[in-house]
2 protein chains.
Amino acid sequence: MRAGTAVMDNLAMRISARADYAVRAALELAAAGEDTSLKAEAIAEAQGIPHKFLEGILGDLRRGGLVISQRGGKGGYRLARPADSIPIADVIRVADGPLVSVRGVRPPDLSYVGPAESLLPLWIAVRANVRKILGEVTLAHVAAAKLPDDVLSLADDPEAWTNP
Amino acid sequence: MRAGTAVMDNLAMRISARADYAVRAALELAAAGEDTSLKAEAIAEAQGIPHKFLEGILGDLRRGGLVISQRGGKGGYRLARPADSIPIADVIRVADGPLVSVRGVRPPDLSYVGPAESLLPLWIAVRANVRKILGEVTLAHVAAAKLPDDVLSLADDPEAWTNP
DNA sequence: TAGATTTCCTATCGATTTACTAGGGAAGTG
DNA sequence: CACTTCCCTAGTAAATCGATAGGAAATCTA
């Protein structure tokens, strides 16, 4: 922990509010069905997300080609593709940039010297693993509460839920 | 990406400079051997880390029980335990707090509603996976450039090194 | 004991990022 | 036209990040 500060919430790897909100909004759209559109306000209320903030995030999802928007009275947002073809990784990347980085640099662009040389393959391995999970699990999986077996088995280990 | 900004380095999951520096410093100590002590300045120079910044990080490692320090002429820092008994995860946690969090909260403390309910087990699975890798790989592994086979095989996939 | 060395502690700093909020314009609907 | 809903730009308070400064405390050598 950083010296001198009492409560440290400074994290090695974190998922931002933006990414979390983006995924939850996309899940609401997935649950609604590919051709039902929902208003930003309705999503915001359902998920407890500040609605003006959510509007910005939905704009990112639209520019990223994940959702389609419609203005006016019967407007709203809907998924651009079937929910089972949209991995969680895509949503996070579109809302928040690259999945994993070290010091703001992506692993392949790092250079290490001396005994730290093997750090690079280690970060790469971590990244590959995160990518594998979040690239495999789709909106449809989560919305239907049916995660793939290999992911479920990871989450089933009781030790995975403990704190430290 | 966030609307309106040109270059986005805003990341879903990142390893901070602090965590990176902490691991690299610990690796220098591991390479030096358990009972050789190194001065902060020497580590800073070897790894290209701002030395006053590093001093603070080494203080965290000391308070976390990972290194032992000695002041004065022949002083410096050395590992408190053999390098093969210190996982990378420990170093990161001591320097930077919990490994993985969502919106600054640790996964078990989150609560989701509706179609987002299965997000929790998903984050838990991601965390379990990161923990598994970083808890398995020790300072000795990295310093000797001999990562465990399962980690190596992850990093060997050429696709793991690609950008997006 | 004096002097040199090196850790240890506190405080501060500028830049960036994060998580939001405000206000109004553009597009579509009845 | 009136109304709705998305769309866009700006701004902002607070936290965090990465780093620096200055000196007190401990330890060693001579």
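Proteins get letters first, then strands, A, B, ... in listed order; numbering begins at 1 in each.
A:Pro50 has its side chain out of reach of A:Glu55: every pair of non-hydrogen atoms, C-beta onward, lies at least 4.5 Å apart. Using a 4.5 Å heavy-atom threshold, the side chains of B:Leu38 and B:Tyr77 count as separate. Inter-residue side-chain proximity for B:Leu99 and B:Arg106 is flagged as unmet; no heavy-atom pair is nearer than 4.5 Å.
In this model, the phosphate group of C:dC8 is approached by a side-chain N or O of B:Ser69 to a distance below 4.0 Å at OP1 or OP2. Using a 4.0 Å cut-off, some side-chain N or O of A:Arg62 falls inside it from OP1 or OP2 of D:dC7. Between A:Tyr21 and the phosphate of C:dC20, there is a side-chain N or O to OP1/OP2 separation shorter than 4.0 Å. Residue A:Ser16 has no polar side-chain atom (N or O) positioned under 4.0 Å from OP1 or OP2 of C:dT17.
Rounding to whole angstrom units, CD1 of residue B:Ile57 and P of C:dC8 are separated by 14 Å. When the C1' atom of D:dT27 is taken as reference, atom CD1 of B:Ile68 falls 16 Å away, rounded to whole Å. Taking atom NE2 of residue B:His51 and atom C1' of nucleotide D:dT20, one finds them 10 Å apart after rounding to whole Å. The distance between atom CD1 of A:Ile49 and atom P of C:dT21, rounded to the nearest whole Å, is 12 Å. Rounded to a whole Å, the CZ atom of B:Arg103 is 15 Å from the P atom of D:dT16. Atom CZ of A:Phe53 and atom P of D:dA10 are 19 Å apart (whole Å). For B:Glu41 and C:dC8, the CD to P distance is 15 Å, given to the nearest whole Å. Rounded to whole angstrom, the span from the OH atom of B:Tyr77 across to the P atom of C:dT5 amounts to 17 Å.
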Could you pull out the protein-nucleic contacts involving nucleotides 13-15 of chain D (nitrogen or oxygen on both sides, under 3.5 Å)?
none

What protein N or O atoms touch nucleotides 28-30 of chain D N or O atoms at under 3.5 angstrom, if any, and at what distances?
from	atom 1	to	atom 2	distance (Å)
D:dC28	OP1	B:Gln70	NE2	3.1

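Salt-bridge annotation for B:Asp90 and B:Arg81: present, with a side-chain N of the basic residue lying under 4.0 Å from a carboxylate O of the acidic one.
Interface remark: the A:Lys52 side chain does form a donor-acceptor pair with the C:dG23 base, using a distance-only criterion of under 3.5 Å.
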Q. Under the side-chain contact (heavy atoms from CB on, under 4.5 Å) criterion, do B:Leu66 and B:Val91 qualify, and how do the steps go?
A. CA-CA 8 Å; B:Leu66 297 182; B:Val91 181; 4.1 Å; yes
(Q) What verdict does the side-chain contact (heavy atoms from CB on, under 4.5 Å) test give for B:Asn129 and B:Val126, after you've listed the backbone C-alpha separation in whole Å, the side-chain angles of each residue and the deciding distance to 0.1 Å? (A) CA-CA 5 Å; B:Asn129 229 320; B:Val126 170; 5.8 Å; no
Q | Step-by-step side-chain contact (heavy atoms from CB on, under 4.5 Å) determination, B:Val67 to B:Leu29 | A | CA-CA 9 Å; B:Val67 307; B:Leu29 295 176; 3.7 Å; yes
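The side-chain contact (heavy atoms from CB on, under 4.5 Å) test with B:Ile49 is passed by exactly one of B:Gln47, B:His51, B:Lys52: B:Gln47.
B:Lys39 comes within 4.0 angstrom of the backbone, heavy atoms only, and of no base.
Scanning both residues, B:Ala80 and B:Gly65, for their nearest heavy atoms gives CB-O, 3.4 Å.
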